[in-house]
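See structure below.
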Amino acid sequence: MRRGLAPVLENAQIIRVEQRRENLRFPFPDRFAERLEGQRVTDVARRAKFLLVHLEDGLVLIGHLGMSGSFRIEEGGDDFSPDAFTHERSKSAAHDHVVFYLSRQDGRPARVIYNDPRRFGFMLFADGAAINEHPSLSGLGVEPTGNSLDGEVLSTLFAGKKTPLKAALLDQRLIAGLGNIYVCEALWRAGLSPKRAAGTIATAKGKATVRSTRLAENVRAVIAEAIAAGGSSLRDHVQTDGSLGYFQHSFSVYDREGEPCPRKECRGTIMRIVQSGRSTYYCPSCQR
DNA sequence: CGATCCACCTGTCGGC
DNA sequence: TGCCGACAGGTGGATC
């Protein structure tokens, strides 16, 4: 989502903000629209699943999509009249909660629209000078992107933990940014049971193990592939241009209960179990 | 501190 | 066809 928004938002000026309701998951900040209007966007960043829109006066707009949130971009013609926007989608307009009207450097208008049927998403303000101290970000663990997550890091994080691997990987205080789908997929690729105690792939001193290294490699690979594919779109969850991400076509286990395990030479069947209230999909035959 | 459950809200799908 | 319950990408707060 960040990659989709950055080309349109960066260096654009926010001309007007239409806030169509008082709250999403949380109330909007006081004077939400007024504090954004007139400002230029200096940077569009991300931490874990939080979108960070930096503004010229140091304010940061923190956005989160929750379960069902999405942004879409509508490119304008010569002005902001309704006719100037060609991709109006009346289907979801009932849940269009915020509209950002932008003036870009090339002079062409655009708008960025936040849609969220369940309203589990939210938008907050933070101080750019102390962005990592914001309550939503201060407790977050390591990023699963890039090359920093390796067997040693995982072993250190999981050492001594009796909590199931599934729960440990979802714990944003340890690794920040993995969701239910990618945890299921990474565990399947690594051949590790979601029920195994997290500490059993680690050593007491946090030394890399065969299993922690294999899991770290597969976590990184799943995330990298999903980003390259434009994310995982379920139902109406879309990219900024309105198209669906297509990583969901690559799922090996997620939402595949009852199907044969896709691993070569494995004759197991994908099972669905519930762990800490969330669905886990895995192959009991090859994930140990 | 850690583990577990629940709340938040709307839409969709499967079963009857 | 319609109704009803189960379930859905996540976070954060309450309660042990």
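Worth knowing before you read on, the calculation uses all heavy atoms, side chains too, and leaves out hydrogens, waters and symmetry mates. Throughout, a chain's letter reflects where its sequence line sits, starting with A, and its residues are numbered from 1.
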Between [X] ([atom1]) and [N] ([atom2]), how many Å, whole number?
{"X": "A:L24", "N": "B:dC9", "atom1": "CG", "atom2": "P", "result": "11 Å"}
{"X": "A:L169", "N": "B:dA3", "atom1": "CG", "atom2": "P", "result": "13 Å"}
{"X": "A:R278", "N": "B:dT4", "atom1": "CZ", "atom2": "P", "result": "15 Å"}
{"X": "A:D255", "N": "B:dT12", "atom1": "CG", "atom2": "C1'", "result": "12 Å"}
{"X": "A:I175", "N": "C:dG10", "atom1": "CD1", "atom2": "P", "result": "14 Å"}
{"X": "A:L137", "N": "C:dT11", "atom1": "CG", "atom2": "P", "result": "11 Å"}
{"X": "A:M67", "N": "C:dA6", "atom1": "CE", "atom2": "C1'", "result": "13 Å"}
{"X": "A:H64", "N": "B:dC8", "atom1": "NE2", "atom2": "P", "result": "19 Å"}

Distance check: side-chain N/O of [X] vs OP1/OP2 of [N], anything under 4.0 Å?
{"X": "A:S136", "N": "C:dG12", "value": "yes"}
{"X": "A:S279", "N": "C:dA8", "value": "yes"}
{"X": "A:Y254", "N": "C:dG9", "value": "yes"}
{"X": "A:H95", "N": "B:dT10", "value": "no"}
{"X": "A:R272", "N": "C:dA8", "value": "yes"}
{"X": "A:K49", "N": "C:dT11", "value": "yes"}

>> Taking pairing as Watson-Crick or G-U wobble with both contacts under 3.5 Å, can you name the mate of B:dC16, or confirm there isn't one?
In response: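 Across any shown strand, B:dC16 pairs with C:dG2.
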> With both distances under 3.5 Å as the test, what is the Watson-Crick or G-U wobble partner of C:dT15?
Replying inline: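 Base-paired to B:dA3.
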> Which is true for A:G277 with a 4.0 Å heavy-atom rule: it touches a base, it touches only sugar-phosphate, or it touches nothing?
Replying inline: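 Contact class for A:G277: none.
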>> Counting the atoms with a prime plus P, OP1 and OP2 as sugar-phosphate, which does A:R25 contact under 4.0 Å by heavy atoms, base, sugar-phosphate, or nothing?
In response: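 Base: the residue A:R25, judged by heavy atoms under 4.0 Å, touches a nucleobase.
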>> For A:Y282 and A:K195, which I'm curious about, is there any donor-acceptor pair between the side chains at under 3.5 Å?
In response: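 There is such a pair between these side chains.
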> With a 3.5 Å cut-off and no angle check, do the side chains of A:R288 and A:S193 form a donor-acceptor pair?
Replying inline: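 No - no donor-acceptor pair under 3.5 Å links their side chains.
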> Name the one of A:F32, A:F71, A:F28 that satisfies ring-ring contact (aromatic ring centres under 6.0 Å, His included) with A:Y114?
Replying inline: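 Result: among A:F32, A:F71, A:F28, A:F71 is the only option passing the ring-ring contact (aromatic ring centres under 6.0 Å, His included) with A:Y114.
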> Pick the nucleotide of DNA chain C nearest each of A:F122 and A:R118; which residue has the one closer to the 5' end?
Replying inline: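 Result: A:R118.
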>> When the P atoms of B:dC5 and C:dC7 are compared, how many Å lie between them, rounded to an integer?
In response: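 Taking atom P in both C:dC7 and B:dC5, they lie 15 Å apart.
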>> Say we look at B:dG11 and C:dT11: how far apart would their P atoms be, to the nearest angstrom?
In response: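 So the two P atoms sit 22 Å from each other.
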> Should A:R104 and A:E75 count as an ion pair when the cut-off is N to O under 4.0 Å?
Replying inline: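 Salt bridge: yes.
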> What do the steps show when you test A:Q275 against A:T280 for side-chain hydrogen bond (donor to acceptor under 3.5 Å, both in side chains), and what is the final call?
Replying inline: CA-CA 7 Å; A:Q275 293 179 290; A:T280 298; 2.7 Å; yes
> A:R46 pairs by side chain to side chain contact (heavy atoms under 4.5 Å, CB included) with which of A:R2, A:M1, A:R3?
Replying inline: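 Single pass found, and it is A:R2.
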> Going by 5.5 Å between centroids and 30° between planes, is there a stack of A:F120 over B:dC9?
Replying inline: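 Here the ring of A:F120 and the base of B:dC9 are not stacked, as the 5.5 Å and 30° limits are not both satisfied.
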